[in-house]
Amino acid sequence: MPLRLFNTLSGKIEEFRPLVDNEVRMYACGPTVYDYGHIGNFRTFVAVDILRRYLRQSGHKLHHVMNITDVDDKIIRNAAQAGVNVHQYTAKYQKAFLEDAAALHIEEPQITRATEHIAQMAEFIARLVEKGLAYKTEDGSYYFRIAKFPGYGKLSKRDFAGMENGARVDVDEYEKDNARDFALWKAPKSGEASWESVIGPGRPGWHIECSVMSMQELGESFDLHAGGEDLIFPHHENEIAQSESLTGKQFAHFWFHARFLLVEGEKMSKSAGNFFTLRDLVLKGHKPSSIRYLLASVPYRHQLNFTFEGLQQAAASVERLRNFRLRLSGNFPDGSSLAMTSLAEQTSKRLRESLDDDLNTAQAQAAIFDMVRAANAAIDEGEIKKDDVPPLLAALDQFDEIFAVLNDDDAEKMQYIAEWANSDGREKDISPALRDIISSAALSDDQVNQRIEQMKAARAAKKYAESDAIRAELTAAAIIIEQTKEGVRWRRK
RNA sequence: GGCGCGGUACCCAAGUGGUAAGGGAGAGGUCUGCAAAACCUUUAUACGUGAGUUCGAUUCUCACCCGCGCCUCCA
């Protein structure tokens with residue numbers, strides 16, 4: 001069964017098929033780098049990452065482009081306040097964003113930056129003006145004339161017919177022909193960043209960068225355009241207007257939007273005190289894998305209630321999956337069992353069906369846990385054979401190619417953020433929990449294995465006091481020991 | 001006000017016109033030198049409230065209550 005996705009443009013769930021062969025060209029709106037990324041941002045980026053990963057797993061080739069908006073009003077304002085130029089100001093946050101995304105195992109798409117495409121944007125605007133689709137105002141700004149694009153409102157399902165200059169005309173923008181006309185290019189203001197261009201000095205408006213960069217990289221028509229739900233209007237609506245009126249072709253065919261999340265049941269906001277960057281959470285001791293798992297556990301079109309209790313539950317879920325994989329590395333008798341082979345097959349099928357169904361990640365999780373429980377029970381009963389392990393691992397891998405939480409590099413990623421906190425004046429925010437997790441990275445695998453050999457020897461000699469002492473020592477170093485029938489296993493806290 | 005989404009057990013959360021996935025937490029048990037892990041049993045006469053359609057609704061319709069989103073650059 002093919003992938004079915006909700007398309008904001010049609011308002012329906014549709015079968016997703018690329019325009020050309022098996023190659024998907026997708027563009028995702030990335031961050032505006034004026035601050036550290038918060039978990040709301042990352043909800044969207046995790047959703048897009050899951051889409052990206054699943055498209056690939058489904059056999060598609062992928063050309064995935066994401067922009068970084070490194071110039072806008074807020075950046076200009078903040079940079080001015082900080083007394084640095086725009087590039088200096090954004091460099092820090094760009095770097096942080098990419099690090100945070102990597103901590104969450106978000107695969108890095110091809111990245112394009114607004115400030116590297118100023119000339120192309122100006123040319124694009126010049127072409128719009130030539131066609132009478134845009135106009136220049138007295139101060140040197142340029143606006144798009146929405147009256148020239150009859151399809152305006154088709155994405156956000158708004159009817160702008162008859163909406164002439166209404167009551168909400170912005171007094172600062174009296175020069176516009178219509179209140180809805182949006183800025184393509186803003187004339188320079190004194191002391192603000194501005195660029196010379198074929199259409200005069202100034203800086204680009206917000207929407208133009210995505211039209212220019214997406215078409216440059218992906219062509220005038222491409223498969224899929226993604227972003228947070230807030231971008232539907234006006235950002236994506238405006239991209240469609242300026243792009244399609246210029247090329248006469250359909251811009252993106254599929255529009256994918258992730259819903260906003262709630263934090264502790266309320267809209268996240270700084271004033272409500274429930275505003276968290278990824279780094280805030282890591283400093284409190286929450287693992288990136290727990291955060292990713294929680295963000296991924298609610299299908300992208302549903303409102304996700306992000307809670308600290310949920311974060312702990314997610315951590316427990318991830319741990320259970322990791323324990324299971326560890327358990328499969330034990331020794332089992334030769335042979336294979338029909339039950340396990342078919343369990344793995346069924347699970348693989350359920351995973352595909354769940355994700356084909358508009359990326360139903362909650363159902364995919366249910367499928368993998370059903371398998372884990374059944375396989376664990378089989379291990380307890382001694383019914384698992386050596387040849388059952390590869391198919392079970394394959395199903396687990398199939399799951400993890402999408403969810404990406406099984407490989408434990410949490411301590412490493414968290415250490416990175418702790419180092420940042422130390423150098424950024426936030427060392428006081430490093431929680432004991434974070435210190436504890438990081439400390440588990442202090443011992444190397446070899447060192448741990450060596451101590452475990454000593455522990456095993458003591459145990460074999462029934463010197464329990466000595467064995468327990470070594471275990472306690474490792475526990476104190478945030479290494480968790482499990483002594484089982486299949487041998488001694490260990491993992492980092 | 002306009003348009004749209006949602007309200008499922010202690011928490012998170014799938015789902016279906018025929019009587020409720022999964023995870024976490026709690027309780028009891030099995031295993032075990034102890035611990036950990038794992039497994040088993042158990043926790044919704046019930047899916048916001050009221051009415052309607054139907055042989056039958058949590059699932060469809062309507063009303064109401066509550067939460068949330070967009071409607072000038074917040075993912």
Side-chain angles (χ1 to χ4, degrees), chain A residues 8 11 28-32 37-48 69 72-74 153 156-159 163 168-170 172-173 179-180 182-183 205-207 226-235 237-238 257-262 265-270 293-294 297-299 301-324 326-327 350 354 357 360-370 372-381 459 462 464-465 467-468 471-472 475 480-486 488-491:
Chain A
T8 308
C29 284
T32 303
H38 57 70
I39 48 174
N41 295 321
F42 287 112
R43 201 291 231 240
T44 298
F45 296 126
V46 166
V48 172
T69 300
D72 86 324
D73 290 351
K74 228 173 293 181
S156 54
K157 316 280 182 263
R158 276 161 225 264
D159 184 9
M163 249 183 108
R168 299 172 77 184
V169 177
D170 189 327
D172 291 337
E173 293 172 338
R180 287 282 170 188
F182 58 88
W206 176 35
H207 318 296
E229 64 168 332
D230 59 314
L231 300 181
I232 296 171
F233 190 90
H235 185 52
E237 194 73 71
N238 291 350
H257 293 102
R259 211 157 168 209
F260 272 22
L261 54 67
L262 256 41
E266 286 178 40
K267 184 178 176 173
M268 180 169 72
S269 71
K270 285 181 179 163
Y293 188 90
L294 178 57
S297 63
V298 178
R301 283 203 297 134
H302 290 260
Q303 198 166 52
L304 156 73
N305 187 12
F306 191 98
T307 66
F308 284 96
E309 195 183 341
L311 212 42
Q312 261 154 10
Q313 294 174 359
S317 300
V318 170
E319 207 173 316
R320 183 152 178 220
L321 293 172
R322 287 177 179 174
N323 283 341
F324 173 67
L326 213 53
R327 205 176 177 200
R350 274 180 72 191
S354 301
D357 183 13
N360 192 332
T361 46
Q363 244 171 26
Q365 290 176 346
I368 207 69
F369 276 105
D370 280 340
V372 168
R373 187 174 4 85
N376 266 325
I379 294 174
D380 282 354
E381 297 298 318
R459 222 174 146 243
K462 294 219 187 320
Y464 291 124
S467 151
D468 286 356
R471 192 170 67 194
T475 302
I480 296 170
I481 307 296
E482 292 172 23
Q483 286 152 215
T484 72
K485 277 185 231 160
E486 296 102 38
V488 176
R489 289 195 300 262
W490 67 275
R491 62 199 150 90

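Rounded to whole Å, atom C1' of A37(B) lies 7 Å from atom CZ of R327(A). Rounding to whole angstrom units, NZ of residue K157(A) and C1' of G69(B) are separated by 16 Å. Atom CG in N238(A) sits about 11 Å away from atom P in U72(B), given to the nearest Å. Straight-line distance from the CD1 atom of I480(A) to the C1' atom of A35(B): 12 Å, rounded to whole Å. Rounded to an integer number of Å, the gap from F369(A) CZ to G23(B) P is 7 Å. Summarising the geometry, the separation between CG on L321(A) and P on G22(B) is reported as 15 Å, rounded to the nearest angstrom. The interatomic distance linking H302(A) (NE2) with G7(B) (P) rounds to 8 Å, in whole Å.
With a 4.5 Å cut-off on side-chain heavy atoms, R327(A) and R489(A) count as touching.
Distances from the side chain of R320(A) to the nucleotides C70(B), A75(B), A38(B) place A38(B) closest. Among A37(B), C34(B), C71(B), the nucleotide with an atom closest to any side-chain atom of R471(A) is C34(B). For E482(A), counting side-chain heavy atoms from C-beta on, the closest listed nucleotide (G15(B), C70(B), A37(B)) is A37(B). The R373(A) side chain lies nearest to C40(B) when the options are C40(B), C70(B), A21(B). For L262(A), counting side-chain heavy atoms from C-beta on, the closest listed nucleotide (A21(B), C74(B), G67(B)) is G67(B). When distances are taken from the side chain of L231(A) to each of A75(B), A21(B), G69(B), the shortest belongs to A75(B). Candidate nucleotides A21(B), A37(B), G67(B) were compared by shortest atom distance to the side chain of R489(A), and A37(B) ranks first. In this structure, of C12(B), G69(B), A38(B), it is C12(B) that holds the atom nearest to the side chain of L294(A). When distances are taken from the side chain of R459(A) to each of C34(B), G24(B), A38(B), the shortest belongs to C34(B). Comparing G22(B), C11(B), A75(B) by their nearest atom to the side chain of E309(A) picks out C11(B).
A cation-pi arrangement is found for R158(A) relative to F233(A), the charged atom lying closer than 6.0 Å to the ring centre and inside a 45° cone about the ring normal.
Residue side chain R301(A) does not reach the base of C5(B) through any donor-acceptor N/O pair under 3.5 Å, judged by distance alone. If you check distances only, the side chain of D468(A) does reach the base of G33(B) with a donor-acceptor pair under 3.5 Å. In the interface, the side chain of Q313(A) is paired with the base of G23(B) through a donor and an acceptor atom under 3.5 Å apart.
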